[in-house]
Undergrad: 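Dumping the structure here so I can ask a few things about it.
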Amino acid sequence: MYAIVEIAGQQFKVAKDQKVYVHRLQGAEGSEVTFENVMLVEDKGNVTIGAPAIVGATVTAKILGHLQGDKVIVFKKKRRKGYKKKNGHRQAFSEIQIESITASGAKKPAKKEAAPKKEAAPKAEVKEATTDYSSMTVAELKAAAKEQGISGYTSLKKAELIEALTK
């Protein structure tokens with residue numbers, strides 16, 4: 001069984017008990033991390049592809065340690081100008097070991113969708129009651145002016161649009 005998972009902005013093909021070096025993760029050494037952005041899972045010839053990620057699929061890993069990669073020398077020079085610039089860089093890595101790959105799990109996105117729908121109606125009423133025009137962009141202000149039927153709104157500047165909308 002293997003999976004293709006996104007870890008710290010990069011995609012890795014991982015299998016159980018595999019050690020992988022990834023960009024530095026926030027967790028402490030010895031802690032477990034879970035990656036939910038799984039793109040593909042293969043299990044005994046069964047391939048499941050996500051669009052873009054598989055809902056409920058997770059990869060659990062344990063952070064073995066934090067370390068730095070080899071030094072890379074960056075040398076810039078412009079000939080006959082006396083310009084030389086030498087710089088070095090060591091990339092920070094975390095070594096992780098894949099503990100388990102789960103093809104399906106708790107479906108958290110379904111629960112998250114239900115809660116905002118209930119709260120959506122009161123938020124719309126609050127926006128209508130107290131509109132903060134100073135935090136809106138010029139395009140949003142022009143759209144609001146168009147809705148209110150203000151003429152000549154296309155040539156107005158932001159301060160003039162705010163003044164016209166507050167009247």
Undergrad: Please give me the minimum heavy-atom distance between Ala57 and Ala103, naming the atom from each residue.
TA: CB-O, 3.4 Å

Undergrad: Running the 4.5 Å side-chain criterion over Ile, Leu, Val, Met, Phe, Trp and Tyr, what cluster does Phe75 land in, apart from itself?
TA: none

Undergrad: Other members of the hydrophobic cluster containing Tyr133, with the 4.5 Å side-chain heavy-atom rule, please.
TA: Met136, Val138, Leu141, Ile150, Tyr153, Leu156, Leu161, Ile162, Leu165

Undergrad: Are the side chain of Lys71 and the backbone N or O of His89 linked by a donor-acceptor pair below 3.5 Å?
TA: no

Undergrad: Nearest 0.5 Å, please: how far is NZ in Lys76 from NZ in Lys85?
TA: 8.0 Å

Undergrad: Is the closest side-chain heavy-atom distance between Val47 and Leu40 below 4.5 Å?
TA: yes

Undergrad: Show your working on side-chain contact (heavy atoms from CB on, under 4.5 Å) between Ile73 and Lys86 and close with a plain yes or no.
TA: CA-CA 7 Å; Ile73 303 296; Lys86 183 179 178 182; 4.1 Å; yes

Undergrad: Indicate yes or no: at least one non-hydrogen side-chain atom of Met1 is less than 4.5 angstrom from one of Val41.
TA: yes

Undergrad: With sequence neighbours excluded, what pairs up with Lys44 under the side chain to side chain contact (heavy atoms under 4.5 Å, CB included) test?
TA: none

Undergrad: If you look only at pairs with a residue in residues 46-66, which of them pass as a side-chain hydrogen bond (donor to acceptor under 3.5 Å, both in side chains), with sequence neighbours excluded?
TA: His66-Ser94

Undergrad: Going from CD on Glu32 to OG on Ser100, what distance comes out if it is rounded to the nearest 0.5 angstrom?
TA: 7.5 Å

Undergrad: Identify, with sequence neighbours excluded, every residue that meets side chain to side chain contact (heavy atoms under 4.5 Å, CB included) alongside Ser135.
TA: Asp132

Undergrad: Establish whether Phe12 and Val59 are linked, either directly or via other cluster members, by ILVMFWY side-chain heavy-atom contacts under 4.5 Å.
TA: yes

Undergrad: Is the backbone N or O of Thr166 less than 3.5 Å from a side-chain atom of Glu163, with the two atoms forming a donor-acceptor pair by type?
TA: no

Undergrad: Is there a path of hydrophobic side-chain contacts, each under 4.5 Å between heavy atoms of I, L, V, M, F, W or Y residues, that connects Val14 with Ile4?
TA: no

Undergrad: Using only atom types and a distance under 3.5 Å, with no angle test, would you say the side chain of Glu160 pairs donor to acceptor with the backbone of Lys157?
TA: yes

Undergrad: How about Lys158: does its NZ atom have over 12 heavy atoms from other parts shown lying under 6.0 Å from it?
TA: yes

Undergrad: Scan for side-chain hydrogen bond (donor to acceptor under 3.5 Å, both in side chains) pairs involving residues 2-18, sequence neighbours excluded, and state none if there are none.
TA: Glu6-Asn37, Gln10-His23

Undergrad: Is any side-chain heavy atom of Arg24 less than 4.5 Å from a side-chain heavy atom of Phe93?
TA: no

Undergrad: Are Leu25 and Tyr21 joined in one hydrophobic group, where the rule is that I, L, V, M, F, W and Y side chains link up if heavy atoms are under 4.5 Å apart?
TA: no

Undergrad: Tell me whether Met39 shares a hydrophobic cluster with Ile101, the cluster being built from Ile, Leu, Val, Met, Phe, Trp, Tyr side chains joined at under 4.5 Å.
TA: no

Undergrad: With heavy-atom distances below 4.5 Å as the criterion, would you say the side chains of Glu29 and Leu64 are in contact?
TA: no

